[in-house]
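Computed from a predicted model, the values in this text were never measured in an experiment.
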Amino acid sequence: MKTSLLAVLSSAALFAGAPAFAQNSEFVKSAQVDLDGDGKPEAVALTAGADGKFTLKVGGATLKGDAAGNEVPGFQVVDLDTGDKWKELRVQTLGDMDDGHRYFVYGYDGKAVKLLGDVHALTEAKGNGIVLVDRWMGFWQKRDKYTLDRKAWKLVHVPQELYAVTYAPGEEVTATVKKSFPLTQSRTGSAVVATTAQGTKVKVLAASVPAKGEVLYLVRSSTGLMGWVPGNVLVESTDGLPLAG
């Protein structure tokens, strides 16, 4: 269920972002396209090798890539910022599961092919230099923001202290308490603001996602009190979370 639903959502979001993505755009192995805005199209070719290795040629420039064992079916021409003269290439790589997919984004400055970044998806890109990327987190989608820094030729991640927890755009995550658990006042303290009651409904509002360690969730109890709970406790103590794959 997760795979089919997320595929539909991702596809809808991608194509809603035109002109960054053309409605009939497909992943291909070769194309003639003006990437550097000089009015002359470059010959672009992608050759996939073994173990996820691939070669990307743009005009007279060549770049060797490594998708770490993923299949590399092709690339797509995108325009992440319609306010500048450049267009970009999005190379698709497919893992065994959704979370293993990666997309490499490249630019061409007229001399060399440059890696702008690699992300799990380009969920929304409307041509304004902003890219929104969704990643499945077990029962919710984590949305990250990247901005295109043309001077540095990089997609720059814009970190968030907290991430909104939704199953799909506009769909909040709720669950039923099967085993009572405490909600703490802060992410770092142990003081309890509320204790959830068995059989009541809770709403998962936000997540704190550290680089390492347990994800913490901000939860609202049936009495309207809010506090923090570790992810493993939330999953083990509730029923009804939209867990998938």
Side-chain angles (χ1 to χ4, degrees), residues 10-95 98 100-135 143-159:
S10 297
S11 175
L14 279 172
F15 295 128
F21 299 88
Q23 291 284 0
N24 60 352
S25 182
E26 297 179 352
F27 288 96
V28 297
K29 290 290 182 68
S30 64
Q32 293 280 336
V33 59
D34 181 12
L35 295 176
D36 60 358
D38 66 355
K40 301 175 183 178
E42 284 79 40
V44 183
L46 175 69
T47 303
D51 300 323
K53 303 291 195 302
F54 63 92
T55 301
L56 182 63
K57 293 185 177 181
V58 180
T62 300
L63 180 142
K64 300 289 186 179
D66 187 351
N70 280 9
E71 178 188 357
V72 186
F75 67 86
Q76 184 183 54
V77 178
V78 298
D79 192 354
L80 300 183
D81 188 349
T82 57
D84 65 27
K85 65 178 182 178
W86 291 281
K87 290 183 175 61
E88 293 74 41
L89 299 173
R90 180 171 75 123
V91 174
Q92 182 185 40
T93 83
L94 301 177
D98 287 351
H101 300 347
R102 301 294 292 181
Y103 296 88
F104 295 92
V105 183
Y106 296 98
Y108 177 67
D109 65 0
K111 297 180 180 180
V113 183
K114 299 184 176 183
L115 177 64
L116 301 177
D118 66 285
V119 294
H120 285 276
L122 267 68
T123 307
E124 185 177 298
K126 295 184 177 181
N128 59 359
I130 296 173
V131 174
L132 301 181
V133 175
D134 284 351
R135 182 178 182 181
R143 171 159 288 191
D144 279 292
K145 176 182 176 180
Y146 291 79
T147 58
L148 179 60
D149 184 336
R150 181 57 69 187
K151 290 183 179 180
W153 285 78
K154 291 291 181 183
L155 280 172
V156 179
H157 181 233
V158 181

**Q.** Positive for side-chain contact (heavy atoms from CB on, under 4.5 Å) with Leu122, one of Leu80, Asp134, Leu132
**A.** Leu80

Q. When rounded to the nearest 0.5 angstrom, what distance separates OG1 in Thr47 from NZ in Lys64?
A. 8.0 Å

Q: Would you check, one step at a time, whether the test salt bridge (Lys or Arg N to Asp or Glu O under 4.0 Å) holds for Lys114 with Asp109?
A: CA-CA 8 Å; Lys114 299 184 176 183; Asp109 65 0; 3.1 Å; yes

Q | Test item: Trp153 and Tyr106 side chains (from C-beta on) under 4.5 Å apart, heavy atoms | A | no

Q | Minimal non-hydrogen separation, Leu116 against Gly107, with atom names | A | CG-N, 3.8 Å

Q: Decide yes or no on side chain to side chain contact (heavy atoms under 4.5 Å, CB included) for Leu46 and Thr55, but give the supporting numbers first.
A: CA-CA 6 Å; Leu46 175 69; Thr55 301; over 6 Å; no

Q) Under the side-chain hydrogen bond (donor to acceptor under 3.5 Å, both in side chains) rule, what pairs show up with a residue in residues 28-41, not counting sequence neighbours? A) none

Q. Side chains of Thr62 and Lys57: is there a donor and an acceptor less than 3.5 Å apart?
A. no

Q | Lys87 vs Asp79 side-chain heavy atoms within contact, under 4.5 Å | A | yes

(Q) Using the rule given for salt bridge (Lys or Arg N to Asp or Glu O under 4.0 Å), can you reason through Arg90 versus Glu26, listing the C-alpha separation, both sets of side-chain angles and the distance that settles it, and then say yes or no? (A) CA-CA 11 Å; Arg90 180 171 75 123; Glu26 297 179 352; over 6 Å; no

Q: For Tyr108 and Ala61, work out which heavy atoms get closest and say how close.
A: CE1-CB, 4.0 Å

Q. Are side-chain heavy atoms of Val91 and Val72 found at a separation under 4.5 Å?
A. yes

(Q) Are the side chains of Leu56 and Leu89 in contact, using a 4.5 Å heavy-atom criterion? (A) yes

Q. Would you call Asp118-Arg102 a salt bridge at under 4.0 Å N-O?
A. yes

Q. What is the ring orientation for Phe104 with Phe54, classed by angle as parallel under 30°, tilted 30 to 60°, or perpendicular over 60°?
A. tilted

Q: Look up atom OH in Tyr103 and atom OG1 in Thr123, then write down how far apart they are to the nearest 0.5 Å.
A: 9.0 Å

Q: Evaluate the side-chain proximity of Val105 to Leu155: yes if any heavy-atom separation is below 4.5 Å, no if none is.
A: yes

Q) Of the non-hydrogen atoms in Leu94 and Gln92, which two are nearest, and what is the gap between them? A) CD2-NE2, 3.7 Å

Q | Worked verdict on Asp84 versus Arg150 for salt bridge (Lys or Arg N to Asp or Glu O under 4.0 Å) | A | CA-CA 9 Å; Asp84 65 27; Arg150 181 57 69 187; 3.2 Å; yes

Q.
Minimum heavy-atom separation for Val133 and Ala121, please, with both atom names.
A. CG2-O, 3.1 Å

Q) Does the Thr82 side chain pair with the main chain of Gly127, one donor and one acceptor, at a distance under 3.5 Å? A) yes

Q) Parallel under 30°, tilted from 30 to 60°, perpendicular over 60°: which one fits the rings of Tyr146 and His157? A) tilted

Q) Stepwise, does the side chain to side chain contact (heavy atoms under 4.5 Å, CB included) test hold for Val131 with Lys145? A) CA-CA 6 Å; Val131 174; Lys145 176 182 176 180; over 6 Å; no

Q | Considering all heavy atoms, the nearest His120-His101 contact | A | ND1-O, 3.4 Å

**Q.** Side-chain donor/acceptor of Glu71 to backbone N/O of Gly52, under 3.5 Å
**A.** no

(Q) Treating Asp149 as the side-chain partner and Lys151 as the backbone partner, does any N or O pair qualify as donor plus acceptor under 3.5 Å? (A) yes

